[in-house]
Amino acid sequence: NLPQPSSLGAPARSLTDAEVAYSLGDYDTAANALFDLASRPGPDREPATYYLGETLYQKGDRGAARAYFTAIAQEPASKYYQPSLARLVEIAIAQQDLTAGDDAIAKLAGTGSPQLPYLRGKLAFARQHYDEALDAFGSVPKGSPYELQALYYTGATQVAKQELAKATDAFTDLIG
């Protein structure tokens with residue numbers, strides 16, 4: 001059976017086609033395929049919506065990405081709930097909409113996400129609340145996937161505080 005043409009006259013695309021395009025960095029092709037999948041009911045709608053947001057985020061279109069992550073963040077049972085909230089924090093920081101970041105952090109706090117201390121630190125850093133940022137980065141567990149990023153931001157925070165010896169120590173730990 002051949003795939004049926006979509007309403008736009010292009011061949012129907014699968015989630016796998018979009019994933020391949022995404023992994024190759026072909027974000028335009030991935031976005032087109034994912035938009036088609038995310039706009040129609042079916043089992044691929046939820047992952048397509050999340051990955052469309054991620055594709056747009058990688059393209060630098062944070063405003064459009066935000067809408068797709070927000071849609072997923074309305075579904076706490078979704079397996080994409082935590083990563084969508086994390087992206088919403090990142091987007092809020094980039095767009096300097098720190099209230100939106102607070103909202104996403106509040107939702108994320110109830111999930112037990114291992115990324116939470118790191119994101120709290122980044123949000124505090126964006127606010128220039130450096131002591132709060134250092135506390136948050138310091139609470140990222142050793143061995144966590146966010147340990148090295150937190151250590152980098154610890155050094156950056158020390159630079160912002162003009163505590164260059166401490167920053168040097170943090171960056172030395174990072175490269176060690």
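By the 30° and 60° cut-offs, the orientation of the rings of Tyr146 relative to Tyr118 is parallel. Ring orientation note: the planes of Tyr153 and Phe137 are close to parallel, at an angle under 30° on the 30°/60° scale.
In the hydrophobic clustering of this structure, Tyr22 does not group with Leu56; members are Ile, Leu, Val, Met, Phe, Trp, Tyr whose side-chain heavy atoms approach within less than 4.5 Å, directly or through other members. In the hydrophobic clustering of this structure, Leu134 does not group with Ile93; members are Ile, Leu, Val, Met, Phe, Trp, Tyr whose side-chain heavy atoms approach within less than 4.5 Å, directly or through other members. No continuous path of ILVMFWY side-chain contacts below 4.5 Å connects Tyr51 to Val20, so the two sit in separate hydrophobic clusters.
Residue pairs meeting the side-chain hydrogen bond (donor to acceptor under 3.5 Å, both in side chains) criterion with at least one partner in residues 59-72, sequence neighbours excluded, are Asp28-Lys59, Arg66-Gln95, Arg66-Asp97.
The heavy-atom pair separating Ala92 from Gly101 by the smallest distance is CB-N, 3.3 Å. Between Phe69 and Glu54, the shortest heavy-atom contact is CZ-N, 3.3 Å. Between Tyr81 and Pro76, the shortest heavy-atom distance links the atoms CD1-CA, 3.4 Å. Nearest approach of Pro47 to Tyr80, heavy atoms of both residues: CB-OH, 3.3 Å. Nearest heavy-atom pair across Ala33 and Ala18 is CB-CB, 3.9 Å. Shortest non-hydrogen contact noted between Ala38 and Leu52 is CB-CD2, 4.3 Å.
The CG atom of Leu37 lies 5.5 Å from the CG atom of Asp44; values are rounded to the nearest 0.5 Å. To the nearest 0.5 angstrom, Gln115 atom CD is 8.0 Å from Gln149 atom CD. Separation of atoms CG (Asp169) and CD (Glu163) is listed at 11.0 Å; rounding is to 0.5 Å. For the atom pair OH (Tyr57) and CG (Leu88), the distance works out to 10.5 Å, reported to the nearest 0.5 Å. Once rounded to the nearest 0.5 Å, the distance linking CG of Leu174 with CG of Leu151 reads 5.0 Å. Atoms CD and CG, from Gln162 and Leu164 in turn, are 6.0 Å apart once rounded to the nearest 0.5 Å.
Using a 4.5 Å cut-off on side-chain heavy atoms (C-beta onward), Arg127 and Asp102 make contact. In this structure, the side chains of Leu34 and Thr49 stay at 4.5 Å or more apart for every pair of heavy atoms. Contact of the Val89 side chain with the Lys122 side chain is not registered, since no non-hydrogen atoms from C-beta on lie closer than 4.5 Å.
Crowding of Gln74 atom CD: a count of heavy atoms from other residues, nucleotides or ligands under 6.0 Å exceeding 12. A 6.0 Å sphere centred on NZ of Lys166 holds no more than 12 heavy atoms belonging to other residues, nucleotides or ligands.
The residue from Leu119, Leu85, Leu123 that alone fulfils the side-chain contact (heavy atoms from CB on, under 4.5 Å) condition with Glu90 is Leu119.
A donor-acceptor contact shorter than 3.5 Å is absent between the side chain of Gln158 and the backbone of Thr154. Put simply, the side chain of Gln58 never gets that close to the backbone of Tyr27: no donor and acceptor are under 3.5 Å apart.
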Subject >> Steps toward salt bridge (charged side-chain N to carboxylate O under 4.0 Å, His left out) verdict (Lys107, Asp103) >> reply: CA-CA 6 Å; Lys107 288 180 180 179; Asp103 294 343; over 6 Å; no
